[in-house]
Engineer: 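What follows is a single structure, and I will ask about it in a moment.
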2 protein chains.
Amino acid sequence: MVVTPSPLTLKLRHSGYLDEDDGAALDALCARPRMVEAGIDVVREGDPPGPVHLIDDGFACRYKTLPDGQRQILGLLLPGDFCDLQSSTLRTLDHSIATLTPCAIVELPQKTVDELTLAPTRIARAFWWGALVDESIQREWLANIGQRPAAKRLAHLFQEVLLRLHRVGRADAHACECPFTLSDMSEMLGLTAVHVSRVLRELREARLITLSQRRLDLPNPDRLRAFCDFDARYLHLSGGDAGELRWGADGPDGTGRSRRHFVDP
Amino acid sequence: MVVTPSPLTLKLRHSGYLDEDDGAALDALCARPRMVEAGIDVVREGDPPGPVHLIDDGFACRYKTLPDGQRQILGLLLPGDFCDLQSSTLRTLDHSIATLTPCAIVELPQKTVDELTLAPTRIARAFWWGALVDESIQREWLANIGQRPAAKRLAHLFQEVLLRLHRVGRADAHACECPFTLSDMSEMLGLTAVHVSRVLRELREARLITLSQRRLDLPNPDRLRAFCDFDARYLHLSGGDAGELRWGADGPDGTGRSRRHFVDP
DNA sequence: CGTACTTTTGAAGTGCCTCAACGGTAGTGG
DNA sequence: CCACTACCGTTGAGGCACTTCAAAAGTACG
């Protein structure tokens, strides 16, 4: 009987640190997930460290709420993503995590996680690789919100979602599930829901995307990529099995004003 | 002879994972830093992994340049901060690092770093703690840029700089060095330099800050903190020796719309 | 078949940007 | 010592991207 690997395994294969047995061990971890409905806090800012959570299916997010009630979504959690791998080291969560759709969530006891992460194993290396990719995505979000106008911000988000779902086998070449509300997207991008609605119309009219019935389609990936200068390197996808999709930048950036480089003597 | 500990040691003491000997070992690493002038790229996007860099003195930053030449500063690197601890695991740098002022930079060979980080030691734990705090700061920057208006953004940045310098012994209770140009600050905050200049005037006129001759003074920390809802928990400073400065929020946020919590059965 | 939540569209306001000019300061070389 | 250059900070005027407020149509659910 052939079993499809868990999203966690599919994602961590991109790290290059896993072998076949590791994949099987990770799949075993993901047996028996728990179903959680949409709009539920999985962990809350300030909670004491408990079991570690892993999204096996569905869409969730990290977020912070400011005192005036505004919410900023700090990142998306898709199948194969850990919610709070780091909680035990930091000892206190500095943000919350909520489901955006119904989710299948795996809970791992701290003890299991410590055994996997503290020993110098291939799996530990792959876990840290995953955490570092998450950090890289954070940085790209900062640049996205800080520098791009609304339409490009949205376009950039859609490309990321498609690629991240693709790497865990949940998307085909240019279409995927996309169940976000306008409010969700506005909180990810630092915009208002009203403005997201208008910008979405622009993107549709420009034939860059179609989005309806929770389904996203990017009919012309090259044009969309050029439109928002999407450069997929920040996702650190392995070059190995990426033959089907070509998402890299056309070349290194050549326009920046030159800054001298510090080279070893 | 009494030697003041290195910024790295002072910072990692907040983790709670170090003992006295560990501190001495870290201080030894920081001997013989290298002097680098202002405006130099320490590492560049796409560079192959080389030695790991650590700021021992001065101000530097992570940044990304978009194809149209705009630069987003992704984070500040202050004394005690690692520039690229993660480069070997990810295998390719997804952003660049540049000095903002003349800096003293320590270079550590990959081999040394691997020995320190891959083994299950107290120092390895403290290093990861440091990386996770950096990640937490990233998230706060995202919320800052995404949700706050310009004046609060700037005020928030100043508080962070003061506290981060304070934790490595480079600031007193409410004043510190602050050598940023308007352009630097605009690139950190997703604003233009012109607008930063105007907002800075507002903050001065409101007697919330004084900033001149590269010196920042926050004469009324409580008012400033209230002004921009600064909540220092994201810096994960140890509660232990923080008696001198009280920067926490007045209480957990109570204004957010309620979201149900997912509790273990 | 109501109730609650989305999405859409309009009209008006504003925070921030762009363009432009000018003053201050530091470093350089005559 | 004074020119000259380069960069940084300040201020003004005008414009645009995005927000706010408001109303109505579409959609999901018990």
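This structure is a prediction, so every number in the text was calculated from the model and none was measured. Each chain gets a letter, A, B and so on, in the order its sequence line appears, and its residues count up from 1.
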Engineer: Nearest whole Å is fine: how far is D:dC8 C1' from B:Arg214 CZ?
Structural biologist: 12 Å

Engineer: Is B:Glu107 salt-bridged to B:Arg34, cutoff N-O under 4.0 Å?
Structural biologist: yes

Engineer: Taking atom C1' of C:dT14 as reference, at what distance in whole Å does atom CD of B:Glu202 sit?
Structural biologist: 13 Å

Engineer: Atom CG of B:Leu182 and atom C1' of C:dT25: how far apart are they, to the nearest Å?
Structural biologist: 14 Å

Engineer: Taking only side-chain N and O atoms of B:Thr192, does any of them lie within less than 4.0 angstrom of OP1 or OP2 on C:dC16?
Structural biologist: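 B:Thr192 to C:dC16 OP1/OP2: no side-chain N or O under 4.0 Å.
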
Engineer: Under 4.0 Å between a side-chain nitrogen and a carboxylate oxygen: does that hold for A:Arg170 and A:Asp56?
Structural biologist: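 Salt bridge between A:Arg170 and A:Asp56, a charged N being under 4.0 Å from a carboxylate O: no.
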
Engineer: Going by the angle between their ring planes, with limits at 30° and 60°, are B:Phe230 and B:His156 parallel, tilted or perpendicular?
Structural biologist: tilted

Engineer: In whole Å, what is the span from the CD atom of B:Gln147 to the P atom of D:dC18?
Structural biologist: 15 Å

Engineer: What is the distance from CD of A:Gln70 to C1' of D:dT19, rounded to the nearest Å?
Structural biologist: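 So the two atoms are 11 Å apart, to the nearest Å.
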
Engineer: Closest-nucleotide mapping onto DNA chain D: is A:Gln213 or A:Val194 further toward the 5' terminus? I mean the 5' end.
Structural biologist: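 It is A:Val194, whose closest nucleotide lies nearer the 5' terminus.
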
Engineer: Any Lys/Arg nitrogen of B:Arg198 or B:Glu202 sitting under 4.0 Å from an Asp/Glu carboxylate oxygen of the other?
Structural biologist: no

Engineer: Mind checking A:Leu191 for me? I need base, sugar-phosphate or nothing, with any heavy atom below 4.0 Å counting as a touch.
Structural biologist: sugar-phosphate

Engineer: Contact class for A:Ala150 (heavy atom, under 4.0 Å): base, sugar-phosphate, or nothing?
Structural biologist: sugar-phosphate

Engineer: Between D:dG12 and B:Arg198, counting only base atoms on the nucleotide and side-chain atoms on the residue, is there a donor-acceptor pair under 3.5 Å?
Structural biologist: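 Answer yes: a donor N or O sits under 3.5 Å from an acceptor.
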
Engineer: Rounded to whole Å, how long is the line connecting atom NE2 of B:His195 with atom C1' of D:dG9?
Structural biologist: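 My rounded result for the distance is 16 Å.
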
Engineer: Between A:Arg204 and C:dT8, is there a contact of a side-chain N or O with OP1 or OP2 at under 4.0 Å?
Structural biologist: yes

Engineer: Taking the basic N atoms (NZ, or NE/NH1/NH2) and the acidic carboxylate oxygens, is any pair closer than 4.0 Å for B:Arg215 and B:Asp172?
Structural biologist: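 Here B:Arg215 pairs with B:Asp172 in a salt bridge, since their nearest N and O are under 4.0 Å apart.
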
Engineer: How close or far is atom P of D:dT19 from atom CD of A:Glu187, stated in whole angstroms?
Structural biologist: 13 Å

Engineer: Whole angstroms only, please: what is the CG-C1' distance between A:Leu100 and C:dT6?
Structural biologist: 15 Å

Engineer: Check this one for me: any side-chain N or O of B:Ser197 less than 4.0 Å away from OP1 or OP2 of D:dT10?
Structural biologist: yes

Engineer: With a non-hydrogen cut-off below 4.0 angstrom, is B:Gly190 in contact with a base, only sugar-phosphate, or nothing?
Structural biologist: sugar-phosphate

